[in-house]
Amino acid sequence: MTIEITMPGSVVLVTGAGAGIGREIATWFARADAIVAVNDIDPVRAADTAARICADGGHAVAFAADVRSDDALDDMFARILTDLGRLDVSVNNVGMMAGRKARAFLDTPLDDAWAVIEQNLHATYRCCRAEATVFARQGQGGVIINVASGEATRPALGLASYGAAKAAIVHLTTTLAVELGPLGIRVNAVAPGTTYTADVAAVIGQEQFDAISRSTPLQRVCEPDELGRLCVVLASDLARCITGQLILADAGAHLGRLPLRLPERED
Ligand SMILES: NC(=O)c1ccc[n+]([C@@H]2O[C@H](COP(=O)([O-])OP(=O)(O)OC[C@H]3O[C@@H](n4cnc5c(N)ncnc54)[C@H](O)[C@@H]3O)[C@@H](O)[C@H]2O)c1
């Protein structure tokens with residue numbers, strides 16, 4: 001038996017798809033034959049991802065918008081529905097620490113903390129609301145995947161606002177799964193562990209990279225395309241009874257950052 005995931009004609013929105021994990025998620029949906037709406041705040045990045053997908057024989061259209069803005073979101077969803085006709089799947093991927101490094105709670109200016117919460121929780125909340133509204137109107141169910149983080153599940157020093165926002169995204173995911181389930185809308189979250197995007201590569205040195213890799217059971221960090229594969233499976237019919245779940249894609253990092261070496265075996 002061969003199992004193949006294809007979703008021809010399905011329209012999939014990926015936010016923040018101009019780089020990193022979002023770009024790979026968009027690429028993998030296109031490989032599954034979906035029509036991809038590529039969002040990014042940076043129009044050049046959005047256009048670049050869409051062009052790469054089209055050059056590979058896929059179908060993608062760029063929709064530049066800042067997902068933190070209600071007006072920009074209203075305009076983007078109107079354009080998606082006009083240009084692509086419908087929406088079936090959404091991956092709310094925009095997040096991250098807005099370029100900020102880990103900083104002690106007491107040293108973090110409130111404006112910085114609010115910006116992180118705006119970029120992660122508020123943007124995801126807004127997107128979920130707009131997407132659920134479209135799905136409810138279409139009356140044919142739908143799939144929402146929110147991108148959280150391993151930091152949603154455990155404290156991380158210097159990342160109070162980021163961890164709190166990601167944990168809230170997980171809670172939002174479960175609440176929406178319950179509220180929207182009767183409409184046939186599935187809502188799940190994925191939590192990447194350290195994922196080797198261009199930005200991450202630029203920030204962590206070799207020493208830190210090796211230390212993070214050694215601390216996971218799989219002895220490595222994740223690659224951005226691994227999140228793409230996961231989102232396609234989660235959106236597909238193979239996962240049709242899965243909702244309200246958080247799936248950690250982190251090479252096992254959630255199992256503990258302890259020395260994972262067993263004592264030498266005695267004969
Ligand atoms: N990379 C990691 O190690 C890692 C680990 C855990 C979780 N995550 C999560 O994965 C998601 C993607 O992270 P990444 O590392 O690929 O990010 P990235 O910074 O590499 O790419 C993010 C993209 O989103 C765009 N963007 C930023 N703000 C936007 C806005 N307001 N509206 C629309 N687009 C916007 C950027 O222009 C960029 O192209 C984030 O939610 C992040 O928190 C990443």
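Counting convention: from 1, in listed order, for ligands and their atoms alike. Everything numeric in this text was worked out from a predicted model, so none of it was measured.
- Neither the backbone nor the side chain of P224 has a heavy atom within less than 4.0 Å of ligand 1.
- In this structure a side-chain-to-backbone donor-acceptor pair under 3.5 Å is missing from D56 to G58.
- Within the 4.5 Å cutoff, side-chain heavy atoms of F63 are placed close to those of D83.
- Within the 4.0 Å heavy-atom shell around ligand 1 one does not find E151.
- When atom types are taken as modelled, the side chain of Q245 and the backbone of I242 share no donor-acceptor pair closer than 3.5 angstrom.
- Taking all heavy atoms of G193, S69, A191 into account, the minimum distance to atom 4 (C) of ligand 1 is reached by G193.
- With C222, G22, P43, G20 as candidates, the residue nearest to atom 20 (O) of ligand 1 on a non-hydrogen basis is G20.
- Between I21 and ligand 1, an N or O atom pair is found at a separation short of 3.5 Å.
- The distance from ligand 1 to the heavy atoms of N39 drops below 4.0 Å at these ligand atoms: 33 (C), 34 (N).
- In this model, no donor atom of one side chain and acceptor atom of the other lie less than 3.5 Å apart for S213 and R220.
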For T175 and H171: C-alpha separation, side-chain torsions, deciding distance, then whether side-chain contact (heavy atoms from CB on, under 4.5 Å) applies.
CA-CA 6 Å; T175 306; H171 194 281; 3.5 Å; yes
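- Counting heavy atoms closer than 4.0 Å to ligand 1, residue M96 contributes atoms from both its backbone and its side chain.
- Put simply, CD1 on I144 and CZ on F135 are 5.5 Å apart, with the number rounded to the nearest 0.5 Å.
- Contact annotation: for V67 versus ligand 1, heavy atoms closer than 4.0 Å belong to both the backbone and the side chain.
- When each atom of ligand 1 is checked for a heavy atom of A148 under 4.0 Å away, the hits are 7 (C), 9 (C).
- Ligand 1 is approached by K166 to a heavy-atom distance shorter than 4.0 Å.
- Within the 4.5 Å cutoff, the side chain of D250 has no heavy atoms near those of the T216 side chain.
- Closest to atom 28 (N) of ligand 1 by heavy atom, among H122, R68, R23, Q119, is Q119.
- Counting atoms of ligand 1 from 1 in the listed order, those under 4.0 Å from a heavy atom of T194 are 3 (O).
- With a 4.0 Å heavy-atom cut-off, ligand 1 is reached by the backbone of D40 and by its side chain too.
- Taking every non-hydrogen atom of V147 and a distance limit under 4.0 Å, the qualifying atoms of ligand 1 come out as 9 (C), 10 (O), 11 (C), 41 (O).
- In this structure, V91 and F29 have side chains that are in contact, with non-hydrogen atoms separated by less than 4.5 Å.
- Closest to atom 18 (P) of ligand 1 by heavy atom, among D199, I41, V44, is D199.
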Identify all side-chain donor-acceptor contacts of residues 5-17 below 3.5 Å with residues at least two apart in sequence or on another chain.
| from | atom 1 | to | atom 2 | distance (Å) |
| --- | --- | --- | --- | --- |
| T15 | OG1 | N93 | N | 2.8 |
| T15 | OG1 | V94 | N | 3.1 |

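- By the 4.5 Å heavy-atom criterion applied to side chains, I247 and N188 are not counted as neighbours.
- Contact atoms of ligand 1 toward Y162: 6 (C), 7 (C), 8 (N), 42 (C), 43 (O) (distance under 4.0 Å to a heavy atom of the residue).
- Close approach to D66 involves these atoms of ligand 1, each under 4.0 Å from a residue heavy atom: 30 (C), 31 (N), 32 (N).
- Under 4.0 Å from ligand 1, not a single heavy atom of L227 appears.
- Although no hydrogens or angles enter the test, the distance criterion places a donor-acceptor pair under 3.5 Å between the side chain of K166 and the main chain of V147.
- Two residues are said to be in side-chain contact when any heavy atoms from C-beta on lie closer than 4.5 Å; L172 and C128 meet this criterion.
- Of the N or O atoms in N93, one or more lie within a sub-3.5 Å distance of an N or O in ligand 1.
- For ligand 1, the polar-atom distance check against G150 finds no nitrogen or oxygen pair separated by under 3.5 Å.
- The N/O atoms of S149, backbone and side chain alike, include none that comes under 3.5 Å of an N/O atom in ligand 1.
- Contact atoms of ligand 1 toward A65: 32 (N), 33 (C) (distance under 4.0 Å to a heavy atom of the residue).
- Using 4.0 Å as the threshold, A17 has no heavy atom nearer than that to any atom of ligand 1.
- Ligand 1 has no atom lying under 4.0 Å from any heavy atom of Y196.
- Distance check: N39 CG to R79 CZ gives 9.0 Å after rounding to the nearest 0.5 Å.
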Dump the intermediate steps for salt bridge (charged side-chain N to carboxylate O under 4.0 Å, His left out) on R214 and D210, then the final yes or no.
CA-CA 6 Å; R214 274 198 309 274; D210 290 342; 5.1 Å; no
Given E131 and N92, is the side-chain hydrogen bond (donor to acceptor under 3.5 Å, both in side chains) satisfied, shown in steps?
CA-CA 10 Å; E131 291 147 8; N92 299 319; 2.9 Å; yes
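- Counting the atoms of ligand 1 from 1 in the order shown, those under 4.0 Å from a heavy atom of R45 are 36 (C), 37 (O), 38 (C), 39 (O).
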